[in-house]
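See below for the structure under consideration.
Note on naming: letters A, B, ... go to the chains in the order of the sequence lines (proteins, then strands), and numbering restarts at 1 for each one.
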Amino acid sequence: MAPRLHKLINRPEDLVDEMLEGFCAAYADIARCGGDRLVMRAQPKAIGKVGLVMGSGSGHEPAMLGWVGEGLFDVVVAGEVFAAPGPENMLAGIRAADRGGGALVCVSHHAGDRLNAELALELCEIEGIENVEMVLLYDDISSAPKGREAERRGTAGLFFVWKMLGAYCEGDVSLASAKALAEKVRDNTRSLAVSLSSCASPVTGQAMFEMGADEMEIGMGLHGEKGMGRQKALSANETIDLMLPLLLEDLPYRAGDEVLVLLNNSGSLTLMELFILYRHAAARLAEAGIDVYRCWIGPYATTLETAGFALALCRVDEQLKALWDAPANGAYMKQL
Amino acid sequence: MAPRLHKLINRPEDLVDEMLEGFCAAYADIARCGGDRLVMRAQPKAIGKVGLVMGSGSGHEPAMLGWVGEGLFDVVVAGEVFAAPGPENMLAGIRAADRGGGALVCVSHHAGDRLNAELALELCEIEGIENVEMVLLYDDISSAPKGREAERRGTAGLFFVWKMLGAYCEGDVSLASAKALAEKVRDNTRSLAVSLSSCASPVTGQAMFEMGADEMEIGMGLHGEKGMGRQKALSANETIDLMLPLLLEDLPYRAGDEVLVLLNNSGSLTLMELFILYRHAAARLAEAGIDVYRCWIGPYATTLETAGFALALCRVDEQLKALWDAPANGAYMKQL
Amino acid sequence: MTEIGAAELSGMIAAMAARVGAERDQLNRLDAALGDGDHGTSISTAFEVAAADIAALEDPDMSAVWLATAKALMNRMGGASGAIFGTFFLRGVSLLRERDSLGKAEMSALLAAGLAGVKARGKAQAGDKTMVDALEPALRAFAAADDFSAAWSAAAAAASNGAESTRDLAARQGRAKYLGERAIGHIDPGAMTVALMFEAIDGCWPENRE
Amino acid sequence: MTEIGAAELSGMIAAMAARVGAERDQLNRLDAALGDGDHGTSISTAFEVAAADIAALEDPDMSAVWLATAKALMNRMGGASGAIFGTFFLRGVSLLRERDSLGKAEMSALLAAGLAGVKARGKAQAGDKTMVDALEPALRAFAAADDFSAAWSAAAAAASNGAESTRDLAARQGRAKYLGERAIGHIDPGAMTVALMFEAIDGCWPENRE
Ligand SMILES: Nc1ncnc2c1ncn2[C@@H]1O[C@H](COP(=O)(O)OP(=O)(O)O)[C@@H](O)[C@H]1O
Ligand SMILES: Nc1ncnc2c1ncn2[C@@H]1O[C@H](COP(=O)(O)OP(=O)(O)O)[C@@H](O)[C@H]1O
Ligand SMILES: [Mg+2]
Ligand SMILES: [Mg+2]
Ligand SMILES: [Mg+2]
Ligand SMILES: [Mg+2]
C-alpha cells in the first residue's frame, strides 16, 4: 500500500515556516511565532516560574505546537521534517522560556534531539546563561530491552510528561524538582506502537519506507523507525492482546494500579478503529485489576499520515492525578 | 493511490456496537450508551429545556459521538457505516432527548437521513409524542447551485450549527426559537471540500471509489460522493485560491463581515498541510476585508481515512459569537 | 371473498415474505447491476422480520399488522429504500384503525394512501426507474377491476409489466441515477420486488389459487 | 612557520570550505550508498556559511573563528551529524580564548579536545565506520611529527588512509548501522570529509604548497 505522495503544500523549502505562520495565525490567543522557529505562549508565564522548552522535528503535528499554552509548555522550537532543530534555535528557545526561574529543556530521546540539546546547553555555558537543566525522556519499549530503559526512544507516551510537567511548572517549584517530576512521570510511562502503512515525505515526495498491504510493523518509532519486527496484520482484539501484555510486564503494572491510557493515532487510522481497540484494551485492563483513571484517544503525536497507533500507559498516584486534572489550554490539548 | 484495505477491527457486523462501547467506556464522565445505538449525556440536561438529537451514519468520527455533552447535543443515534439509523432508533433518540421542553431533530441533508427522520416524526405522531420539530441542515455549495440551497447536502460546516445550537439550548428557549436559531446559523454557513484519495469500507474491505494518484476531486460529499469534478492536484495556495472565491461569492460574504473558519480534515490529511492551507486562506480573507473571529483546524467530521479537507465559513453577529464562545464539553469538542 | 380481515392481511404479509425470500438472489443480482447489490438480502430479511413479528402478536387488529410491517421494513432495510418501502405500509396504519374488515374500495384507498406516501417521501414519479413504476400501474389496475379476485390478478400483471418497463429507462432516483445511460438494459430491483408482492397476494387469494 | 594566528585559522576554514565544496557530489554519492545521500550538500553548505560568517567578522580573534565554524556546522547541517562536526570546533573555543597564537603542541591539544568532544558526543569508537576513523589516526600522526609542516602532511595522509579503511567495516553508528553487512564495500562519507579537511590545510600550508 503506497502512501499518498501529493501533499497540499507550496515549496518544500518553505513548509516549516509556512506551517508555523498558519498555526500562529489560527491560534493567536494561545501562541505566537517568536522568530528562530520558536512558538511561544501569547501571554508569557509569571516572572520567577520554571520555563519549559522542547525542540521537535516537524511532521508530528499537533505535537509539539499544540502543547504551547497555559498549563503546558512555554516554548517549542520547530525543526525540519523529522529533524531536530539546531542548537542556536534551541538556545533562543531557552532564552525565551527562562522567566527567571530557570528553564528545563525536555528532550525526546533520539540522537539528533539529544545532541543538539546538549550543544545548546554548552552554548548556554559559554554565554553565561545559568539555571538550565535538561531531562531525557523515553518510553518506547520496543527500542531497547528492559534494564536498558535509558537507551529507549521517546514516542507518543511523552504526552503524559508534557501535560503533568506543564501543570507542575505553573506552581512555585524549583528547577530541580521540575526535572524530578518529569523523571517520575517518565519512569511510570511505557509505550508501544504498531503501523499498517508508511508515510511520504512532503520534502522529497517519496515514501519514507516500504510496507506490504497486509503487513503490520510492531514497535514503530515516531519517524517510522523499525521496532520489534514485521508480521501479518491482525484484528483489533488480537493487536491489543499482543501489545498490552508486553507493556504490562515491562514496568510492570500490577493489579491495584491506577493508570492513564493514551491511544495515539499516528495519522490515518480512523477513530472508529481506535474506539474498537480501546474497548478491548479497557476490558483487558479491567481483567488485570488495573484501574483506568482517564484516557485520551486521538492524534496527539503523528508520523505524518502513517496508519498506526501507539498504546501508552502511565501509572499515577494522587500527585499525578491532580496534575493530570489541572487546567490546560493549548491549541490541541484542552483540559477544562 | 489505493486506500488502506486492512482495518483494525474485529467482525464487520459488530463494528458499530463495539465502537460505541469503546467510546462510552473511554468517556464515561461525558457520555453513556443508551441502547438502540443511542449515545447520550452522562448527566441529562435540566427538565424543561429543549433537547437536541441527531442521527448519523458511522465512519465520520468524532462526528457525531464527540458532540454529545454539556453545551452540545443531548443524544446522538448511530447508524451503520455511511447509513442513517432507522426511524425506531431515531424515535428512541427523540424520547431520550425530550426533557419536557420538546426535541429538535437535526438532519444533515441526505436522502436516507431525511427520510428516516421524517418517518420517526410520523411515528411520534402515531404514538402521541408532541412537541417534536425537525430542521434540515445543508451547507455544501458543490451539490446544488445558488438559489437551490435546500437541495444541498449537509457536510462539515454543520459544525457551526452543532456548537451554537448546543449552546442556545442550554438556555430557557422555546422549540420554535431553537429551530429558528439552527436555520439562522445554517443560512450563514457555506462549505466546500476537496479530496486527494478514496477510503475503504471497513465492512467490505473494498475501496469506496477510485481516484488517481495525482488527481483532486473538487466538491466531495461527506461519504465521498462526487461534486464539481476531477482535476490535476494543485498546490496548497492554488487550492485555496480555487475554493475560497467560490465560497465567498455564494452567500456572498462581504468586506466587513466577521466569520468563523473551519478547516476540517477528512481523515488523513496532515495537520502540517492544514496549517499551510490556513495560512493562505487567512491572508486571502484579510485581503477581502473579512475578519476571522475564530478558527478550528482538525478532524471534526471525517470520511473514514480520506485524504482531503473542507473549508467552511460561518458569518456571525454578536448573538452567534456569544454562542460560539459559550462553554462546551463534548469528548471531541471542548470550549473553555 | 368480499371483505378482508386481520387474518387475511397477516396471510398476505407472510405470502410476500415467502415470495420475496425465494427470489432473494435474483433481486441481489438486479441490484448488483444498478446499485450496491444488497436489495434482495435487505428486503427479504425485513419481510421475514415482519412476518415473524406479526406471528408473535396476540390477536392483532388490522392496523397492528400494517404497523409491524412498516416498522420491520423501515428499521431492518436501512437507508432511503427502507424508508420508502416502510412508508407504503405506514401511511395505511391510521386508515386501518378501529376497523375489523375492508371491502375492495377501502383496500384500494389503503393502497393509494401508500403510493401517495411513497411518492411524497421519495419524490419519484413514474418513469424514474423505481418501484413506483410497478406500484402505480398495479394500483390503477386494482381500482379498475370489479372484485377482489379480478383486482389482485390485474394488479399482479400490471406490476409485472411495470417492472419490465423499467428495463428501458435511465434512473432519476436512487443509487442508479449516477449511472446515467448505463442503467438502461436492467430491470429496477425495487420495481421487481413490488411485482413479486402483488404476485404473492394474487397467488394466495382463495378464488385465484390454482 | 611555527605559530598560527587568527588569520591562519581563518585561512584554514576557507580552504576546507573550498575543498569540501569541490567534492560535494562525490560526498553525496558516498552517503547515497550508506545513508540518505545528503552529506556533501549539508557539509559544504555549512562550511560555506562558516567561511562567509568569518569573513564578515571585524578583526576576529582565534576563538571567534572557531566558534563561528562550530555554529555554522551545528545550525546549518542539522541532525546528529551537524552536532558531531560542530562539537569538534566548539570544544576548542575555550582553549583559544585570550590567545593570539598557537604553537604546534597547542594545536595538537586543540585538535585532541575536538576529538574528545566528538567521541563523547557521538559515542563512536575507532572501527565504528564514522568520521572518527579518519580523525583519530590523523591526530596521532599530527602529534608524532616534529613541526607543523610535517604534522599537516602526516595528518592528511593518515586521515586519507583512515577514510579508506572504513570501506571494509560494518557501521555501528549513524544511519548506516541499520544496513548491517550491506555497509561493507563503501567509504564512510564523514570520514572522507575529515580526510578532505586535513588535505585542505596541508595543501595551503606555506612550506607544503607546491
Ligand atoms: N426516491 C425513491 N423513490 C422510490 N423508490 C426508490 C427511491 N430510491 C430508491 N428506490 C428504490 O429502492 C431500490 C433499491 O433498494 P435497496 O438496494 O434496498 O437500497 P440501497 O440503494 O440503499 O442499497 C431501487 O431499486 C428503487 O426501486
Ligand atoms: N555517532 C556518530 N559519531 C561520529 N560520527 C557520526 C555519528 N553518526 C554519524 N556520524 C557521521 O556523520 C556522517 C553522516 O553525515 P550526514 O549525512 O550529514 O548526516 P545524516 O546521517 O543525518 O544525513 C557519517 O558518515 C558519519 O561519519
Ligand atoms: Mg442496494
Ligand atoms: Mg444498500
Ligand atoms: Mg546523510
Ligand atoms: Mg540527512
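Atoms CG and OG, on B:Asn265 and A:Ser268 in that order, are 10.0 Å from each other to the nearest 0.5 Å. Rounding to the nearest 0.5 angstrom, the gap separating the CD atom in B:Glu305 from the CE atom in A:Met272 is 10.5 Å. Taking CH2 of A:Trp296 as the start and OH of B:Tyr27 as the end, the distance is 7.5 Å to the nearest 0.5 Å. Interatomic distance, A:Leu271 CG to B:Ser58 OG, rounded to the nearest 0.5 Å: 12.0 Å. Rounding to the nearest 0.5 angstrom, the gap separating the SG atom in B:Cys24 from the CZ atom in A:Phe275 is 9.5 Å. The distance from atom CG of A:Asp17 to atom CZ of B:Arg279, rounded to the nearest 0.5 Å, is 9.0 Å.
Checking side-chain atoms of B:Glu273 against main-chain N and O of A:Leu8 turns up a donor-acceptor pair under 3.5 Å. Within the 3.5 Å criterion, the main-chain N or O of A:Met216 finds no donor-acceptor partner in the side chain of B:His6. Between the side chain of B:Asn10 and the backbone N or O of A:Asn237 there is at least one donor-acceptor pair closer than 3.5 Å.
By the neighbour-count criterion of 12 heavy atoms within 6.0 Å, atom CD of B:Glu215 is densely surrounded, having more than that number from other residues, nucleotides or ligands.
Here the rule is side-chain contact (heavy atoms from CB on, under 4.5 Å) with B:Ile276, and of A:Ile9, A:Leu20, A:Val16 only A:Ile9 fits it.
Among A:Pro62, A:Cys199, A:Ala236, the residue with the largest count of heavy-atom pairs under 4.5 Å with chain B is A:Ala236. Ranking A:His280, A:Glu61, A:Glu18 against chain B, the residue ahead of the rest is A:Glu18, based on heavy-atom pairs under 4.5 Å. Between chain A and the options B:Val292, B:Leu234, B:Val194, B:Leu65, heavy-atom pairs under 4.5 Å are most frequent for B:Leu234. Chain B forms the most heavy-atom pairs under 4.5 Å with one residue out of A:Leu304, A:Ile297, A:Asp14, A:Thr306, and that residue is A:Ile297.
Contact of B:Leu277 with chain A is made through the side chain alone, with heavy-atom distances under 4.5 Å. Within the 4.5 angstrom heavy-atom criterion, atoms from both the backbone and the side chain of B:Leu15 approach chain A. Looking at B:Arg294, the atoms closer than 4.5 Å to chain A (heavy atoms on both sides) all sit in the side chain, from C-beta outward. At a 4.5 Å heavy-atom cutoff, B:Thr302 makes no contact with chain A through either its backbone or its side chain. Only the side chain of B:Val81 comes within less than 4.5 Å of a heavy atom in chain A; its backbone stays farther off. Proximity to chain A involves both the backbone and the side chain of B:Leu269, based on heavy atoms less than 4.5 angstrom apart.
Heavy-atom proximity under 4.5 angstrom to chain B picks out A:Ala328, A:Asn329, A:Tyr332, A:Lys334, A:Gln335, A:Leu336 from residues 327-336 of chain A.
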